[in-house]
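Step one of this worksheet: look at the structure below.
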Amino acid sequence: MASEDSYSFREVEARWQALWADRNAFAVSEDTSRPKYYVLEMFPYPSGRIHMGHVRNYTLGDVVARFRRAQGYNVLHPMGWDAFGLPAENAAIERGVHPAVWTRKNVADMREQFRPMGLSIDWSREFATCDPEYYKHEQKMFLDFLKAGLAYRKESWVNWDPVDLCVLANEQVVDGKGWRSGAPVERRRLDQWFLRITRYAEDLLQGIEELERWPDKVRLMQTNWIGRSVGAQFRFAIEGREDGIDVFTTRPDTLFGASFCAISANHPLAEDLARTNPSVREFITECGRMGTSEADIESAEKKGFDTGLRVFHPFVEGVTLPVYIANFVLMDYGTGALFGCPAHDQRDMEFARKYGLPVKAVVAPKDQDAQAFAAALEASDEAYTGDGVAINSGFLDGLPVAEAKAAAIDRLRELGAGDGVVQYRLRDWGVSRQRYWGCPIPIVKCDCCGMVPVPEDQLPVELPEDVDFSVHGNPLEHHPTWKHTTCPECGKPALRETDTLDTFFESSWYFARFCSPHASDRAFDRTAVDYWLPVDQYVGGVEHAVLHLLYSRFFTRALRDCGYLGVAEPFDGLFTQGMICHETYEVETNGEEPATEAATTEGAATEGSSKWVYPEDVEQRPDGSLIRRTDGKPVIRGRSIKMSKSKNNTVDPNGILESHGADAARLFMLSDVPPERDMDWSAAGIDGASRYLGRLWRLASHPAFDLGAPGTPVPDTLSPAAEALRRQTHRTMAGVTADLEKFRFNSAVARIRELTNAIASLDPATPDGGVVARFALETAVRLFAPMIPHIAEEVWATLGHDTPLVFSPWPVWDEAYLQEETVQLAVQVNGKMRGTVGVPPGSDQDTALAAALALPTVQAQVGDKPLRKVILVPDRIINVIV
RNA sequence: GCCCCUGUGGCGGAACCGGUAGACGCGGCGGACUCAAAAUCCGCUGCCCUUGCGGGCGUGGGAGUUCAAGUCUCCCCGGGGGCACCA
């Protein structure tokens, strides 16, 4: 085939990318004369290689950016690097490369890997979070938070990752294991810096209501994570002691059914008792050992220790309850103490049965006999947690649960014992990390003055470059000189804080930094953030539903309260994309070559005797069976799962960009599967996308019509076939515009393909075919430009246009052409489809009925039976009931 | 265990507010072009009965509401995700 006949994506894509770059097409600045639109994809960690997840993420964002730009918005679409973090340090330990060098190299490599995608990014705003120019502002923020009481230090139990030798936030512990290392987390007591995210618990919760362009799933996850619960807090007086025990409960209505009080092993009272009682000490130690370890979660056995203390029931004079130290009571939720009502709480029931405590029913369902129900419940091992009315409960008797709760709280208040309170599951965010490659915490520890903030004129506290990774542990701690300094207050020798900040700190404000990335004396220029924020469309993976997205929402509020910016919510719209999956392949190794980690596709190889094979090494034979390219060994096809290095089922994006081009990769990413869902990568899919691009190209380069000159007006009156294509073109504009606004990219692609199919099948003899075909084709590429920008530009230019599409407005449709000339009305008889009939749009019932009854298939059903009823939905359906 | 989402041809998926189920694509089958193949183009492609015309069935299963249900309600089953001693 002659080269001029085939579409040469290599040459075309490079040419248009060069033009966009030369014309600075994507650089933006504040412009109050136009509406702004801020599009942001979650910035990447510079691992060194881009992966298909990136390709999908940035393709989705780029479609939005280009679409909004065409619509006339002033679009900000920046890119940066989430550059601090453990992998850099691990590389340093394993390969002796300095984390900074490793990171810089990866950033440079990945920038080059992204380049061939043709993204509409304003690269002049690029930064990496490991730049001191970036993190110095973060240190200032930390100091401002400290002043505002939003940052504080406390000794606390922490989640310790024994592999990464580092503290983890609660959000970073998954199934009792470190989110990165996968190692069972240990409990340790350490001095830590915290951010008071709990101050905003209610506000963060309320704010979720307003996030209408966020997925419900994410809103729900955040709601659950914050975990608001309404109840009562009150104090039990201890028999023979001056102090009391504060407890929190969501069921104050069941107080008459209380049979014990339980406190956490870390409760001050428990620690107090331990000082004099060795067996208490032993029990506490035992609880500490279990902690959040895997074994503990498995067993989940309730254990208690009877302290011998007794507390007075607040409502019933003379009644006392035993006080237990219990392993299931958490110190950092509520007050670290609770009362147990076995009849109406399953966990309390188990505890009561184990330690022979009384079970007293105090709530019974409305419609049941209270005494019989109570007797059955008290003999059972299943607690009743449903609704009902209070029984055996003194002044509460007969009240429904909700009212009983209120009445109990009122009484507690009268007694001066307690009050109604709201509790949150959300904990403060521990931000100290015992690592090198992070932002240093700008604090000096002085023996005389305590924790002293580093004065602002001494910022940034920069990381030392000469660090030794051969010693286990935190290099900042081991550095010979770095941590030794003088106290800013008293001038005596003092030590720097050697912990660094959690890397989620950097990603909690980077979106704001993009508004004024070069501001040096402050984190952001106020006019810039006021203009650009909030982000109008954020795009990323669901895996950040609670971590990054909750921290960022908190940070934005904290920054607002410290005077940095004026908004509460950082992301007005959020889109969470699905994962990229691929089939897995394995060959049996029979011990001849090293097996890969746990390659066990069900029904296939047994553990340890097979090896995962990369898709690119698998070849399909004509009979459909698979073999390994290198040696012809049979390959077993496994199910499709998320692309991951451990399963070798990854496809390298740059290989695809090289072989098929950016437009083909982008088109495949956008076709077929709705973007929020997981998609399967397949060779057939990318080939299909390439084939379509070829067809589109041929449609323009070898048109079946004389397309005439650009700008030729379409006549008002057209032949029926040409008129139909004109109307379809207008309908496509409206449909695609709506699809892009709603992230229905797969549907937008389908619509434009329909339009190009219609152009291709228009009879070349059609009068006015050329001028309408030009109109349809031009519209198709304009609508396609956000998705497959290079070929769209090329076709547009081929059709004779001088102004590139990046500088062209979005097409506008004419409402008058949205309706077809003749509508196909569906005809039902007794609710069953019997055919369709073409009628003019807006036909009334008489016209439609006459046309419908004329159909032979309808006559066969209706015959001479009398019509009982006729239902007409104009232009859609007519249903004749006989 | 609790909460949420989801189930449509061989496959990915479409179907607006209850109104022609299967758009668009992948795959498959048949044909054209070719010495042949690739590429490309054309046609067919939910299932069952029928030579055809035509008819019946069909959106995980069962009931219900309605002139009309993939769409709404209830129950059941399967798949995915989140939380998991939170008092």
Side-chain angles (χ1 to χ4, degrees), chain A residues 1 5-6 174-176 215-225 227-229 231-233 247-251 254 262 264 292 296-297 300-302 326-330 332-341 345-348 350-351 385 423-427 542 545-546 667-668 671-674 676-680 682 684-685 687-689 691-692 694-695 698 735 738 742 744 746-757 760-761 823-837 856-857 860 868-882:
Chain A
M1 195 183 278
D5 287 348
S6 66
V174 181
D175 287 335
D216 288 342
K217 182 171 57 169
V218 175
R219 301 191 335 165
L220 186 73
M221 283 166 70
Q222 292 212 353
T223 302
N224 291 339
W225 191 265
R228 182 180 202 265
S229 50
Q233 185 175 319
V247 295
F248 172 72
T249 179
T250 54
R251 296 295 304 271
T254 64
S264 166
T292 47
D296 177 50
I297 285 167
E301 196 190 350
K302 318 252 167 300
N327 65 347
F328 61 83
V329 183
L330 306 170
D332 49 4
Y333 183 77
T335 59
L338 54 87
F339 78 81
C341 176
D345 182 292
Q346 189 54 40
R347 187 197 45 211
D348 294 346
E350 285 165 32
F351 192 78
T385 54
Q423 277 292 337
Y424 301 90
R425 212 191 70 126
L426 184 70
R427 313 286 155 83
V542 237
V546 280
L667 182 60
F668 177 45
S671 305
D672 300 347
V673 184
E676 69 276 12
R677 255 185 254 185
D678 290 353
M679 72 174 285
D680 266 317
S682 70
D687 290 343
R691 270 201 303 277
Y692 176 76
R695 272 206 297 283
R698 281 190 297 277
K742 291 177 182 159
R744 293 189 306 225
N746 55 321
S747 165
V749 169
R751 257 183 237 277
I752 307 175
R753 290 182 84 133
E754 277 181 282
L755 181 60
T756 55
N757 287 351
S761 54
V823 295
Q824 288 299 310
L825 192 68
V827 182
Q828 293 185 341
V829 179
N830 291 339
K832 272 204 178 297
M833 273 297 300
R834 292 299 164 183
T836 60
V837 64
T857 46
R868 292 238 319 269
K869 196 173 176 186
V870 177
I871 294 135
L872 176 74
V873 181
D875 300 342
R876 284 204 162 262
I877 199 167
I878 184 165
N879 189 3
V880 182
I881 313 300
V882 295

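Partners of Lys832(A) by side-chain contact (heavy atoms from CB on, under 4.5 Å), not counting sequence neighbours, listed by chain and number: Arg834(A). Scanning for ring-ring contact (aromatic ring centres under 6.0 Å, His included) contacts around Phe351(A) gives Phe260(A), Tyr324(A), Phe328(A), Tyr355(A), with sequence neighbours left out.
Comparing the C1' positions of G19(B) and G27(B) gives an interatomic distance of 32 Å, to the nearest angstrom. Remark: the separation of the C1' atoms in A69(B) and G62(B) is 15 Å, to the nearest Å. G52(B) and A15(B) are spaced 34 Å apart, taking the P atom of each and rounding to whole Å. Taking the P atoms as reference points, U71(B) lies 11 Å from G7(B), given to the whole Å. Across G64(B) and U59(B), the matching P atoms stand 16 Å from one another, rounded to whole Å. For the C1' atom pair drawn from U65(B) and C29(B), the interatomic distance equals 44 Å after rounding to whole Å. Across A14(B) and G82(B), the matching C1' atoms stand 29 Å from one another, rounded to whole Å. Nucleotides C17(B) and U73(B) are separated by 15 Å at their P atoms, to the nearest Å.
The distance from atom CZ of Phe248(A) to atom P of A87(B) is 6 Å, rounded to the nearest whole Å. Rounded to whole Å, the distance from CG on Asn224(A) to P on C3(B) is 11 Å. In this structure, the CG atom of Asp687(A) is 13 Å from the C1' atom of G27(B), given to the nearest Å. Computed from coordinates, the Asn327(A) CG to C86(B) P distance equals 12 Å when rounded to whole Å. Spacing between atom CH2 of Trp225(A) and atom P of G82(B) amounts to 12 Å, rounded to whole angstrom units. The nearest whole Å value for the distance from the CG atom in Asp875(A) to the P atom in C17(B) is 18 Å. Per the geometry, CG belonging to Asp216(A) stands 14 Å off C1' belonging to G82(B), to the nearest Å. In this structure, Lys869(A) atom NZ and A68(B) atom P are separated by 9 Å, rounded to whole Å.
Counting any heavy atom pair closer than 4.0 Å across all strands shown, Val247(A) reaches no nucleic acid atom. Residue contacts for Gln828(A): at a heavy-atom cut-off of 4.0 Å it reaches a base atom on one of the strands shown. Nucleic acid contact class of Thr836(A) (heavy atoms, under 4.0 Å, all strands): base. Arg228(A) comes within contact range of no nucleotide atom at all, as no heavy-atom separation falls under 4.0 Å. Across all strands shown, Ser229(A) has heavy atoms under 4.0 Å from sugar-phosphate atoms exclusively, and none from any base. Within the 4.0 angstrom heavy-atom criterion, base atoms lie near Arg876(A). In this structure, Ile871(A) reaches the bases: a heavy-atom distance under 4.0 Å links it to at least one base atom across the strands shown. Arg751(A) comes within contact range of no nucleotide atom at all, as no heavy-atom separation falls under 4.0 Å. Among the heavy atoms of the strands lying under 4.0 Å from Leu220(A) are primed sugar atoms or P, OP1, OP2 only; no base atom is included.
Of the listed nucleotides (A68(B), C86(B), C26(B)), A68(B) has the atom at the smallest distance from the side chain of Asn879(A). Side-chain proximity of Asn746(A) to the nucleotides A87(B), A14(B), G27(B) is greatest for A14(B). Between C85(B), C86(B), U40(B), one nucleotide has an atom nearer to the side chain of Phe328(A) than all others, and that is C85(B). Residue Pro674(A) has its side chain nearest to A14(B) when only C24(B), A14(B), G27(B) are considered. Among the nucleotides C85(B), C24(B), C41(B), the one closest to any side-chain atom of Arg753(A) is C24(B). Comparing C24(B), A87(B), C57(B) against the side chain of Ala750(A) picks out C24(B) as the nearest. Closest to the Ala684(A) side chain, of the nucleotides A84(B), A14(B), C26(B), is C26(B). Minimum atom distance to the side chain of Leu338(A) is reached by A87(B), of the listed A87(B), G55(B), A21(B).
Nucleotide G7(B) forms a Watson-Crick or G-U wobble pair with C77(B), both donor-acceptor distances falling under 3.5 Å. Pair assignment for A32(B): U40(B), on the basis of Watson-Crick or G-U wobble contacts that are both within less than 3.5 Å. Pairing of G27(B), defined by two Watson-Crick or G-U wobble distances under 3.5 Å, is identified with U45(B).
Tyr333(A) contributes atom OH, which lies 9.0 Å from atom CZ of Arg425(A) (distance to the nearest 0.5 angstrom). Note that the OG1 atom of Thr756(A) and the CD1 atom of Ile752(A) stand 8.5 Å from one another [nearest 0.5 Å]. Here CG of Asp216(A) is found 13.0 Å from CE of Met221(A). Values are rounded to the nearest 0.5 Å.
Residue Arg744(A) places none of its side-chain N or O atoms closer than 4.0 Å to OP1 or OP2 of C24(B). Contact check, Arg425(A) against A84(B): a side-chain N or O comes under 4.0 Å of OP1 or OP2. Side-chain nitrogen and oxygen atoms of Lys302(A) include none within less than 4.0 Å of the OP1 or OP2 phosphate oxygen of A87(B). In terms of phosphate contacts, Arg698(A) brings a side-chain nitrogen or oxygen within less than 4.0 Å of OP1 or OP2 of C41(B). Note on Arg834(A): a side-chain N or O is less than 4.0 Å away from OP1 or OP2 of G56(B).
A donor-acceptor contact under 3.5 angstrom links the side-chain atoms of Arg427(A) to the base of C86(B).
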Per-nucleotide protein contact along nucleotides 6-12 of chain B, 5' to 3', at a 4.0 Å heavy-atom cut-off (B base, S sugar-phosphate only, - neither), is ------B

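In this structure, Arg251(A) and Asp345(A) have side chains that are not in contact, with every pair of non-hydrogen atoms separated by 4.5 Å or more. Here the side chains of Leu825(A) and Leu872(A) are in contact, with some heavy-atom distance below 4.5 Å. Using a 4.5 Å cut-off on side-chain heavy atoms (C-beta onward), Gln828(A) and Ile877(A) make contact.
Pairing each heavy atom of Trp225(A) with each of Val546(A), the nearest pair is CB-CG1, 3.7 Å.
Comparing Ala760(A) and Asn757(A), the nucleotide of RNA chain B nearest to each residue sits closer to the 5' end for Asn757(A). In this structure, Gln824(A) and Asn830(A) both approach RNA chain B, and ranking their closest nucleotides by distance from the 5' end singles out Gln824(A).
In this structure C11(B) sits in the anti conformation; its chi angle is more than 90° from 0.
At distances below 3.5 Å, at least one donor-acceptor pair connects side-chain atoms of Asn830(A) with backbone N or O atoms of Val882(A). Side chain of Ser264(A) to backbone of Val329(A): a donor-acceptor contact under 3.5 angstrom is found.
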Evaluate Tyr692(A) against Ser671(A) for side-chain hydrogen bond (donor to acceptor under 3.5 Å, both in side chains), listing each step before the verdict. CA-CA 11 Å; Tyr692(A) 176 76; Ser671(A) 305; over 6 Å; no

